[in-house]
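Everything below concerns the one structure shown next.
Just so you know, these numbers come straight off a predicted model, no measurement behind them. So you know, we letter chains A, B, ... as the sequences are listed, proteins then strands, and number each from 1.
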2 protein chains.
Amino acid sequence: MSRMTGQKRPPGRPPRISRDEIVAAAHRIVAEEGVEKLTMRRLAREVGSTPMALYHHVSDRDGLLLLLLEDYAVRAPRPDLPADPRERVIAVATAMRDALAEIPWIMDVLTSGRLFGRSALWFNEQIIAAALDCGLTPEDAVRAYRAIWHYTAGQIIVTSRERAARDRARAATGTTYRERVFGTLDPDEHPALARVADRWEELSVRDDYAAGLRALVDGLVRRA
Amino acid sequence: MSRMTGQKRPPGRPPRISRDEIVAAAHRIVAEEGVEKLTMRRLAREVGSTPMALYHHVSDRDGLLLLLLEDYAVRAPRPDLPADPRERVIAVATAMRDALAEIPWIMDVLTSGRLFGRSALWFNEQIIAAALDCGLTPEDAVRAYRAIWHYTAGQIIVTSRERAARDRARAATGTTYRERVFGTLDPDEHPALARVADRWEELSVRDDYAAGLRALVDGLVRRA
DNA sequence: ACCTGAACACCGTTCAAGT
DNA sequence: ACCTGAACACCGTTCAAGT
């Protein structure tokens, strides 16, 4: 009977919050306060609801993070690619790095084995395709992709945590742990480190992703 | 007066638990149940005490993890090193990888900017020394070290989390997320991935750290 | 169908008191 | 000097009930 009324109103209580609304709110919290502040309780407050209402739209906290990840992946810019296959590997990897470096917390979700989420398969596809165009066998192309991914993931994770630690340390004590270690180095025990000690900190804040990537890619396609 | 009694008994209540005992217990918990089980409450139970008693011997949870890290660093084997500087870089990096791969949870402590803890500076020293012996400038030696560290850290973090996710997924659903993604790949949209899809899983469980490291080091010392 | 409140089983850490 | 117990301010999630 009720199906006959012109307006198609689904049965049951009308929703007060939507999944999109939840993801948008999560987005906001993460951007303004960091992932560690993204709790179900905090998120519920943000959308003006209760923690348990969220579970009706999202499987659990992990599911929420996965939705966020998809959201970022869809938005990530796909650069124009150069014709030369080796340069193409570098261009795609760099684009991937840049997209992820802006949201380093995502590495925790990303590296937990769920890969990229489908919408970011573009990056995988382009790197493998370019590696094959470099003359690598399918097997070596996968190996090359993995090496590049390990380097890229490591670079993002290490540098973002270093930055966070540095900021914290400076705010608290005025010096970083590393500065203290290098400042009190015994040159007899660690002669090589002593030689580079005074430049270490300065070189550590530089972004040398590109140079390392070039070296790695050069080495990987060497024998092709 | 009491100072005069032969036995030098320090004043105050005699300790029931020691720092070493705490670290040993933490060690045990981490080895048997994983880091995520290492809570102050669980640890207190393990040493037969209360959570708050621990704070008398350890600054806080982070301090505890740092003690654990030092413990592992001291124990890590230092391999004999080959004379050839390039091979030396590879030998040290591999030893570092092997030591860390056994305890991947340590990466969380390690990458949070406190470096290695002093007792593991040996690894830094040897890599920088070998890089200098390869003919790199001090500046390039630091850059090379950092690239190697990023690759190594990424390899450990990514592969250990992949393994954990794979085990979890197989236990729960019988297939991994990756198997499902690659099983339903559209060959028109992702031709290169489609070409390698059937070998991806197999290649992903292989340990290709050494090959990637060689490629990276080759690229880094190329122009020297 | 969607939302709520109370409750469970946890955390790390502080504080005041006991021996 | 060392330890304890109670308490604070949190978590994610389950369960039973309400609209």
Look at the side-chain N and O atoms of [X] and state whether any lies under 4.0 Å from the OP1 or OP2 oxygen of [N].
X	N	value
B/Arg16	D/dT4	yes
A/Tyr55	D/dT14	no
A/His56	C/dT4	no
B/Arg61	C/dG12	yes
A/Thr50	C/dC3	no
B/Ser49	D/dT4	yes

Between [N] ([atom2]) and [X] ([atom1]): distance, integer Å:
X	N	atom1	atom2	result
A/Arg19	C/dA1	CZ	P	17 Å
B/Leu54	C/dT14	CG	P	13 Å
A/Leu43	D/dC10	CG	P	17 Å
A/Asp60	D/dC15	CG	P	15 Å
A/His57	D/dT13	NE2	P	17 Å
A/Lys37	D/dC10	NZ	C1'	11 Å
A/Ile17	C/dA1	CD1	P	16 Å
A/Arg45	D/dA9	CZ	C1'	12 Å

Looking across every strand, which nucleic acid part, if any, lies under 4.0 Å from A/Met52 by heavy atom: base, sugar-phosphate, or nothing?
->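 If one applies the 4.0 Å heavy-atom cut-off, A/Met52 turns out to touch a base.
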In sequence, state the C-alpha distance, the side-chain angles, and the governing distance for B/Asp60 and B/Tyr55, and then conclude on side chain to side chain donor-acceptor pair (under 3.5 Å).
-> CA-CA 6 Å; B/Asp60 55 11; B/Tyr55 283 85; over 6 Å; no
Could you walk me through whether A/Leu213 and A/Val89 pass the side-chain contact (heavy atoms from CB on, under 4.5 Å) test, one step at a time?
-> CA-CA 10 Å; A/Leu213 177 65; A/Val89 173; 5.7 Å; no
Comparing B/Arg41 and B/Arg13 on DNA chain C - which has the more 5′ nearest nucleotide =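 Per heavy-atom nearest nucleotide, the more 5' residue is B/Arg41.
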Across all strands, who's sitting opposite C/dA9 as a Watson-Crick or G-U wobble pair, both distances under 3.5 Å?
->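 Pairing partner, where one exists within any strand: none, as none qualifies.
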Across all strands, who's sitting opposite C/dC2 as a Watson-Crick or G-U wobble pair, both distances under 3.5 Å?
->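 Partner of C/dC2: D/dG18.
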Sticking with atom P, work out how far C/dA9 lies from D/dA9, rounded to a whole angstrom.
->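 So the two P atoms sit 23 Å from each other.
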Selection from D/dC11, D/dT4, D/dT13 that lies nearest to any side-chain heavy atom of A/Thr39 |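 Of the candidates, D/dC11 comes closest.
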Could you tell me whether the side chain of A/Tyr209 reaches within less than 4.5 Å of the side chain of A/Thr152, counting heavy atoms only?
->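 They are in contact (side-chain heavy atoms under 4.5 Å apart), so the answer is yes.
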Charged N to carboxylate O below 4.0 Å: is that the case for A/Glu33 and A/Arg28?
->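 No.
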salt_bridge(A/Arg143, A/Glu139) N-O dist < 4.0 Å |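 Here A/Arg143 pairs with A/Glu139 in a salt bridge, since their nearest N and O are under 4.0 Å apart.
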